[in-house]
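Beneath this line is the structure, given in C-alpha cells, with notes to follow.
All figures in this text were calculated on a predicted structure; none of them were measured in a lab.
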Amino acid sequence: MRRFLLPAALFIMLGLPSLASAQQVHTPPKGDPERSTILNAVRPIFDVRLGKPIEFVVGWLRVYGDWAFVGVSPQRPGGGQIDSYTLAPELWEHRDNLFTVALLKHDYEQWNVVDYSIGPLDAYWLEHSLYKQFPKAFLLGQ
C-alpha cells in the first residue's frame, strides 16, 4: 500500500482557515485601556496644530488584529469648540471641518498612526490601495 504525504504547506493552505479570516473586528468600549491608548496615539496630530488640551468625540473606533481605524472630531474638554480657523488656517484649505480619519498599526509595543486625513470630503479609504487588505466590517462597521 502506497501512502502519500501532503507537504505541510499544502495541508495548511487546504485545511486551516487563514489568520486574516480568523481575526475579528471589535470596538473597545469607553473606559477600555485599548481605546484610550489608540486615541492617545491620534492626539499629537492635533496637539501641535491646535494646542492642548484636546478630547475626541468618537464617530467610530474599530480594531482588527494589530490595526485600528478611527473617525474622530477633536474638541476642548467638556465640549468646547476649537477656533481651528484662527489657530491653524492651513487645515481649512480643502476641508470643511476637523473630523479626522486615522489608520493605526500596533507595532514596537505601541499604536502608530500610519495614515490620516483631516476633514476628508469623501470616503477615500474605500478606493485607496493601503486599505484594500482589510475586511468591510473594519472599514464600514458592518
State, with a plain yes or no, whether a side-chain heavy atom of [X] is found less than 4.5 Å away from one of [Y].
X: Val72; Y: Val57; value: no
X: Val63; Y: Val25; value: no
X: Val101; Y: Tyr124; value: yes
X: Leu139; Y: Trp125; value: yes

Exercise. Answer yes or no: are there more than 12 heavy-atom neighbours, outside Lys30 itself, under 6.0 Å from its atom NZ?
Key: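 Atom NZ in Lys30 is not crowded, with 12 or fewer foreign heavy atoms closer than 6.0 Å.
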
Quiz item: Take atom CD in Glu127; do more than 12 heavy atoms of anything else shown fall under 6.0 Å from it?
Solution: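 At most 12 heavy atoms, drawn from other residues, nucleotides or ligands, come within 6.0 Å of this atom.
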
About how many Å separate [atom2] of [Y] and [atom1] of [X], when rounded to the nearest 0.5 Å?
X: Ile38; Y: Gln110; atom1: CD1; atom2: CD; value: 13.0 Å
X: Asp32; Y: Thr27; atom1: CG; atom2: OG1; value: 10.5 Å
X: Ile54; Y: Ile45; atom1: CD1; atom2: CD1; value: 11.5 Å
X: Gln75; Y: Leu50; atom1: CD; atom2: CG; value: 12.5 Å
X: Leu104; Y: Thr37; atom1: CG; atom2: OG1; value: 11.0 Å
X: Asp107; Y: Lys105; atom1: CG; atom2: NZ; value: 4.5 Å

Please report the closest heavy-atom contact between [X] and [Y], naming both atoms and the distance.
X: Asn97; Y: Ile118; result: O-CG2, 4.3 Å
X: Trp111; Y: Asp66; result: CZ3-O, 3.5 Å
X: Arg76; Y: Glu55; result: O-OE2, 3.5 Å
X: Phe46; Y: Pro74; result: CE2-CG, 3.6 Å
X: Phe56; Y: Val42; result: CZ-CG1, 4.0 Å
X: Ala41; Y: Pro44; result: O-CD, 3.4 Å

Practice problem: Evaluate side-chain contact (heavy atoms from CB on, under 4.5 Å) for Tyr116 paired with Leu103, printing each intermediate quantity in order. | Solution: CA-CA 6 Å; Tyr116 75 94; Leu103 178 68; over 6 Å; no

Quiz item: Would a distance-only check, ignoring hydrogens and angles, find a side-chain to backbone donor-acceptor pair under 3.5 Å from Thr100 to Leu98?
Solution: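 The answer is yes, because a donor-acceptor pair under 3.5 Å joins these two groups.
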
Practice problem: Using distance alone, with no hydrogens and no angle criterion, decide if His106 and Glu34 have a side-chain donor and acceptor under 3.5 Å apart. | Solution: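 Looking only at side-chain atoms, Glu34 and His106 do not form any donor-acceptor pair under 3.5 Å.
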
Exercise. Over 60° means perpendicular and under 30° means parallel, so classify the ring planes of Trp60 and Phe69, tilted if in between.
Key: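 Taking Trp60 first and then Phe69, their aromatic rings sit tilted (interplane angle of 30° to 60°).
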
Practice problem: Kindly assign one of parallel, tilted or perpendicular to the pair Phe138 and Phe134, based on the angle between their ring planes and the thresholds 30° and 60°. | Solution: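 Judged by the thresholds at 30° and 60°, the geometry between Phe138 and Phe134 is tilted.
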
Quiz item: Under the side-chain contact (heavy atoms from CB on, under 4.5 Å) criterion, do Val70 and Val58 qualify, and how do the steps go?
Solution: CA-CA 8 Å; Val70 302; Val58 177; 5.9 Å; no

